[in-house]
Amino acid sequence: MERRTIGAATLDVGAIGLGCMPMNWAYTGSRQRGEESLRAVHAALDGGSTLLDTADMYGPFTNELLVGRVLKERRSEAFVSTKVGLLVGEQHIVANGRPGYVRRACDASLRRLQTDVIDLYQLHRADPEIPVEETWGAMADLVSAGKVRSLGLCAVGARSARRPGARLHDGTIRQLERVQQVFPVSAVEAELSVWSTEALDALLPWCAARGVGFLAAMPLGNGFLTGTLTPGEGFEPDDLRARHPRFTAEMMAANQPIVVGLRRIARRHGLLGNTVTPAQVALAWVLAQGPHVVPVPGAKRERWATENAGAAGLRLTAQDLAEVAALPGAQGSWD
């Protein structure tokens, strides 16, 4: 697989990563099976998807434990990204950016991951009660201590809290400019996909101008862009898509033209003798947004991890990119 070198710490990773969250958290619980997920992580590494993206809150904690089982055998092949800053309660999630907590959380993540160093340690969300510079300073101390190699920031996700007329990622950029004064940002993780392109407006250019890597979260639109979801099929109550405004039966039906367009491009590339899927086209589109961009699709099955890794070899033409740009915008957005 193509390698991409990104960020102030020159992160060297496979062009497509693996999002590990669906294996233990936020998606259909009845389909989460540990052994199957372990095979998916192994398949990702076999295919060159070296970046394994997890977080202490996924589970909570169980996702890091699962990834740690693989790292115990294959640490030298993996680039480990995990996150700190969010605590999961019974019915709520709260931020904690206190320096003492950050230090303890890092040590706990290292134990669960069965490694002595985290390649990329990301701040999941800033704590509104603690200046972000203090949290970031504690994370920088972990780099000095040799427990962490580089630091990243996850984009602010509170769409409803935006100022009137502000762009989606203005708050994230303000945070980035503050923490950059303390210690270099190596990567930013934010949603980017064919049906969620807001990062292209300002956040992606901000990263490109400063040599900061961009980890594209949800590049397959929470599974919608794979073309494998059926409108009206419904989701289990613990699945985040059960409450997502783009995953009502009505909105899924209305957004089918996006999948149809991806499938049309996939068929055209498939005429060359290869099997190409809409998901691979969606991932190839994300890769085409810049050499510093690494899509991190979530997968919990070996088949999907292998298919996603295969997208790194797909090169979209100018015609393909023009067709994607002409697709209708997604309906049922957060706004």
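Just the heavy atoms: all of them, side chains too, but no hydrogens, waters or symmetry mates, feed the values below. Please read these numbers as outputs of a predicted model, since none were measured by experiment. Each residue takes its place number in the sequence, starting with 1.
When side chains are defined from C-beta on, Val194 counts as touching Leu262, because their heavy atoms get closer than 4.5 Å. At a threshold of 4.5 Å between non-hydrogen side-chain atoms, the residues Leu87 and Ile93 do not count as touching. With a 4.5 Å cut-off on side-chain heavy atoms, Asp56 and Asn63 do not count as touching. Residues Met139 and Val182 are not in side-chain contact: their nearest non-hydrogen atoms beyond the backbone lie 4.5 Å or more apart. Residues Lys83 and Tyr58 have side chains in contact (heavy-atom distance under 4.5 Å, counting atoms from C-beta outward). The shortest distance between side-chain heavy atoms of Phe214 and Val294 does not fall below 4.5 Å. At a threshold of 4.5 Å between non-hydrogen side-chain atoms, the residues Val212 and His292 do not count as touching. Using a 4.5 Å heavy-atom cutoff, the side chains of Arg149 and Leu142 are not in contact.
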Yes or no on side-chain hydrogen bond (donor to acceptor under 3.5 Å, both in side chains) for His244 and Asp239, after CA distance, side-chain angles and deciding distance?
CA-CA 9 Å; His244 196 301; Asp239 194 312; over 6 Å; no
Determine, step by step, whether Gln122 and Ser81 satisfy the side-chain hydrogen bond (donor to acceptor under 3.5 Å, both in side chains) criterion, reporting the C-alpha distance in whole Å, the side-chain angles of both residues, the deciding distance to 0.1 Å, and the verdict.
CA-CA 7 Å; Gln122 299 196 70; Ser81 168; 3.0 Å; yes
Does Glu191 form a side-chain hydrogen bond (donor to acceptor under 3.5 Å, both in side chains) with Ser196? I'd like the steps, not just the answer.
CA-CA 7 Å; Glu191 183 175 4; Ser196 292; 3.0 Å; yes
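For an aromatic pair to be called close, the ring centres must be under 6.0 Å apart, and Phe183 with Trp136 fails this.
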Which pairs of donor and acceptor atoms, one on a side chain in residues 304-312, lie under 3.5 Å apart (sequence neighbours left out)?
unit_1: Thr306; atom_1: OG1; unit_2: Glu302; atom_2: O; d: 3.1
unit_1: Glu307; atom_1: OE2; unit_2: Thr277; atom_2: OG1; d: 2.8
unit_1: Asn308; atom_1: ND2; unit_2: Trp304; atom_2: O; d: 3.2

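Checking side-chain atoms of Arg112 against main-chain N and O of Gly68 turns up no donor-acceptor pair under 3.5 Å.
Around CZ of Arg303, the count of heavy atoms belonging to other residues, nucleotides or ligands within 6.0 Å does not exceed 12. The number of heavy atoms from other shown groups lying within 6.0 Å of CD (Glu2) is above 12. Within a 6.0 Å radius of CZ in Arg75, more than 12 heavy atoms belonging to other residues, nucleotides or ligands are found.
Electrostatic pairing of Lys147 and Asp116 does not count as a salt bridge here, judged by no charged N lying under 4.0 Å from a carboxylate O. Salt bridge Glu198/Arg167: absent, no basic N to carboxylate O contact under 4.0 Å. A salt bridge between Arg74 and Glu77 is present, with a side-chain N of the basic residue lying under 4.0 Å from a carboxylate O of the acidic one. Checked for salt-bridge contact, Glu323 and Arg268 meet the test: a charged N lies under 4.0 Å from a carboxylate O.
Nearest heavy-atom pair across Leu287 and Pro295 is CD2-CD, 3.4 Å.
Under the 3.5 Å distance criterion, with hydrogens and angles disregarded, no donor-acceptor pair is assigned to the side chains of Glu133 and Gln181.
Atom CD in Gln114 sits 9.5 Å away from atom CD in Glu73 (nearest 0.5 Å).
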